[in-house]
Every structure is written in C-alpha cells, then in structure tokens.
Amino acid sequence: MEKIDNIDWANLPFGYISTDYNVRCYYRNGAWGEIEVCSEETIPLHMAATCLHYGQEAFEGQKAFRCPDGKIRMFRIEENAARMQSTSRGILMPEVPTELFVEMAKRVVKLNERFLPPYESGASLYLRPLLIGTGPQVGVRPAEEYLFLIFVTPVGPYFKGGFATNNYLITREFDRAAPLGTGCFKVGGNYAAGMRANHVAHEKGYACEFYLDAKEKKYIDECGAANFFGIKNNTYVTPASSSILPSITNKSLMQIAEDLGLKVERRPIPVEELATFEEAGACGTAAVISPIGKIVDDETNIEYVFSKDGRPGPISEQLYTRFRNIQYGIEPDTHGWMTVFE
C-alpha cells in the first residue's frame, strides 16, 4: 500500500499506484450480484476463463478531480457505462446496468478519497472499470460467469510534457482494427494489436503511431489509441469510420467546439487533407488533447507540419482550457456532464 506522504503529486507518472480499495460485482446464474468492496489487488481466475482464451474482456477509462471549490467531480461517467454496454453487445458479454456502473464508480472514488491529488498538482484520480469473462470454456463460446470491477489510481499527465505538441509517424505496415471488426469497441485486443506499431514509432523517435484505414489505406483512422481531429476554416473535423473507438472526449470536444462557434464535421478524411489543417490533435481521456506538432509519412517522405515552434494552436488551446475548466468546476457545466460529490 502506497503511503500518501511518499507521493509526489506534481510529478506523478501515468502509471499504477496502489490504493486502498476496489469494488467488484459478479454476474452468475443470469443476474448481477451485490457490490463487494475489496482490498485485494489480485483476481482468483479459472485457467479456462474466457477472458484469457477468447478475449472476452472490456475496459473503460475515466477521471475524478479534486476541484478549487473543494468538491470532487467525475466526468461523464454515464457515457462510459453506455460505451461498455455497446462493447458487451459486440463480444457477447452481459451488460452492466448504468445505475450499477455509476454506483460502483461513486463508491470507489469515495473509498479512495485520500488518493485524490490536490487541485494545484494537475494530477487526477484515474478510474479503470473492467469486465471479464471468468467462467471456464474450452469451446469458443461466451462464458456463463463474469466479473465487473473498478479500481482507481492517481495519475499525472499521459505525455510527460503535458499540454505540448507531439510528433506522429504514419504506419501502413500495421492495422489497429478491421472495418467490421472490434475497432469501435473498447477491448484489450485492439491495444495489443497496436503495440508493435507503437514500438516502431518510438524507436524512430516519435511519440506515437498514426493509423490509416485498414481497407484502403486512404483515410485517417486513429492516432495510436486516441481519436484525431483537425482544425481549418473555423471548423473542427474528425474522422467517421466503423473501426474507430467512439471517444467520449472527442464527443465532448465537438460540443465545446460548437459552443465556441466552430462548425463541426465528422466525415472520412483523406490522408492528403492533412496538408490543409491549421492545427491537429489527438484526444482521449488520458491527455484530453495532445496537440500534434507534425505527422510524418515515411513512405512518401511528406511531413505535415502543424506547429513550427512546438506550441499548441490557439483553437486547440481554447478547447483544452474550456474542457478542463468544466471538469474542475471553474466554468459552468451547461451540458450536465459532471457528477459532483457532496
């Protein structure tokens, strides 16, 4: 167990730190059981569990914040419940009801309140909901028993530089997900599929890999494990594709963009269109927005440059500031996104 006194809140990595409790709920005999509070960090698991053999596994990521007004806030948790339900339908797992999901999220945050980083640190409490098939099967079929759990851990920014630009490498050698596969679901296999591409990008000195569509390699898909957006002519443009994870952060940024008077377009984006964007970014729970400095295409020797001085563009900065201010209760939550702990 981590001692609070030993935690350097301002320099937290985006990694795992032990906390006091996690919460669990089992699905057996066709029904969800009672919520259980647990201090164990391990799971007893049958060696023939479907999560280990056939990929019956889904997870989510979300954050809770200690805010300047002293309150604790959690961002759009019902959206996480809805996305996990969609994933469950996609790989034949029982859906966790929204009420159960939200109740467990609230409970695990309260149980680990002492691990919520102070507001000034810029760190947050990361929630990791996890749903796995625990029932044994040797044939390829869904399990009959499942475990849903949520653990939390305090985290710093996903990229070490915080809100600063990163460079990406276009990969045609690897695909993250197929158009009619599991790309629109949050399953571990999609992340395993990206590890080699990520490793290659890092070896070549880039922050992350950049995927084109698996079918034709003509259109933008995702930036590593994050959604892409580009800004031009006062318009926020983001890809439409059946193999992209529907990012809750991206959905929220589209709304904020409209609130700020931008037009929003969700459509296929040909890779050549990168040359026309004034700003570009990757977005997701971990970093909110990771502004893109440049995207390099090794195959054609083309560099798409969005920032010459390493600084984020003005609209990305506006979007990021508004988003963070809503999360921290500094600006009004006009869309009812935040769960406020009393």
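Residues take their numbers from the sequence shown, with the count starting at 1. Only this structure's heavy atoms are used, side chains among them; waters, hydrogens and symmetry mates stay out. The structure displayed is predicted, hence computed values, not measured ones.
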Exercise for review: Tell me, yes or no, whether the heavy-atom count around R89 atom CZ, taken from other residues, nucleotides or ligands under 6.0 Å, exceeds 12.
Suggested key: yes
**Study point:** Other residues, nucleotides, ligands: >12 heavy atoms within 6.0 Å of K251 NZ
**Key:** no
Exercise for review: Please check if any side-chain donor atom of Y126 sits under 3.5 Å from a side-chain acceptor atom of Q62, or the reverse.
Suggested key: no
Check your understanding: Any luck finding a side-chain donor-acceptor pair between T276 and K232 under 3.5 Å?
Key -> yes
Practice item. Answer yes if the side chains of S252 and N250 hold a donor-acceptor pair under 3.5 Å, and no otherwise. Key: no
**Study point:** Verdict with supporting geometry, Y191 and K186, side chain to side chain donor-acceptor pair (under 3.5 Å)
**Key:** CA-CA 9 Å; Y191 296 81; K186 200 164 172 68; 2.7 Å; yes
Exercise for review: Look at the rings of W337 and F75 and say which category their plane angle falls in: under 30° parallel, 30 to 60° tilted, over 60° perpendicular.
Suggested key: perpendicular
Practice item. Could you verify whether a donor N or O on one side chain and an acceptor N or O on the other, from S316 and E279, lie under 3.5 Å apart? Key: yes
Exercise for review: Could you tell me whether a side-chain N or O of R66 sits under 3.5 Å from a main-chain N or O of L116, the two making a donor and an acceptor?
Suggested key: yes
Review point. Quick one: does I43's side chain get under 4.5 Å of I132's, heavy atoms only?
Key: yes
Practice item. Please examine the side chains of L130 and I150, heavy atoms only from C-beta on, and report whether any two atoms are closer than 4.5 Å. Key: no
Check your understanding: Are R128 and T153 close enough that some pair of their side-chain heavy atoms sits under 4.5 Å apart?
Key -> no
Review point. Is any side-chain heavy atom of Y206 closer than 4.5 Å to a side-chain heavy atom of N166?
Key: no
Review point. Can you check whether F151 and Y16 have ring centres sitting under 6.0 Å from each other?
Key: yes
Review point. Does the ring center of F306 lie less than 6.0 Å from the ring center of F277?
Key: no
Review point. Got a sec: does the NE2 of H199 have more than 12 other heavy atoms crowding it under 6.0 Å?
Key: no
Review point. Does the side chain to side chain donor-acceptor pair (under 3.5 Å) test come out yes or no for R114 and N112, once each step is laid out?
Key: CA-CA 6 Å; R114 70 193 190 99; N112 295 287; over 6 Å; no
Point to revise | Check: S247 side chain, N227 main-chain N or O, donor-acceptor pair, under 3.5 Å | key: no
Review point. Do R196 and N198 get their side chains close enough for a donor-acceptor pair, meaning under 3.5 Å?
Key: no
Check your understanding: Out of E79, E78, Q85, E103, which one pairs with T98 under the side chain to side chain donor-acceptor pair (under 3.5 Å) rule?
Key -> Q85
Exercise for review: For E278 and N233, indicate whether the former's side chain and the latter's backbone hold a donor-acceptor pair under 3.5 Å.
Suggested key: yes
**Study point:** Side chain Y146, main chain A143, donor-acceptor under 3.5 Å
**Key:** yes
Point to revise | Audit row: F228, F210, ring-ring contact (aromatic ring centres under 6.0 Å, His included) steps and yes/no | key: CA-CA 9 Å; F228 170 84; F210 192 88; 5.6 Å; yes
Point to revise | Side-chain (E57) to main-chain (G188) donor-acceptor, under 3.5 angstrom | key: yes
Point to revise | Under 3.5 Å donor-acceptor, D213 side chain and Y219 backbone | key: yes
Point to revise | Side-chain H-bond candidate by donor/acceptor type, Y211 with E209, under 3.5 Å | key: yes
Check your understanding: Would you say T87's side chain and A58's backbone share a donor-acceptor pair under 3.5 angstrom?
Key -> no
Review point. Should the heavy atoms of other residues, nucleotides or ligands under 6.0 Å from CD of E34 be counted, would the total exceed 12?
Key: no
**Study point:** L180, CG: over 12 other non-hydrogen atoms inside 6.0 angstrom
**Key:** no
Point to revise | Distance-only donor-acceptor check, side chains D221 and S243, under 3.5 Å | key: yes
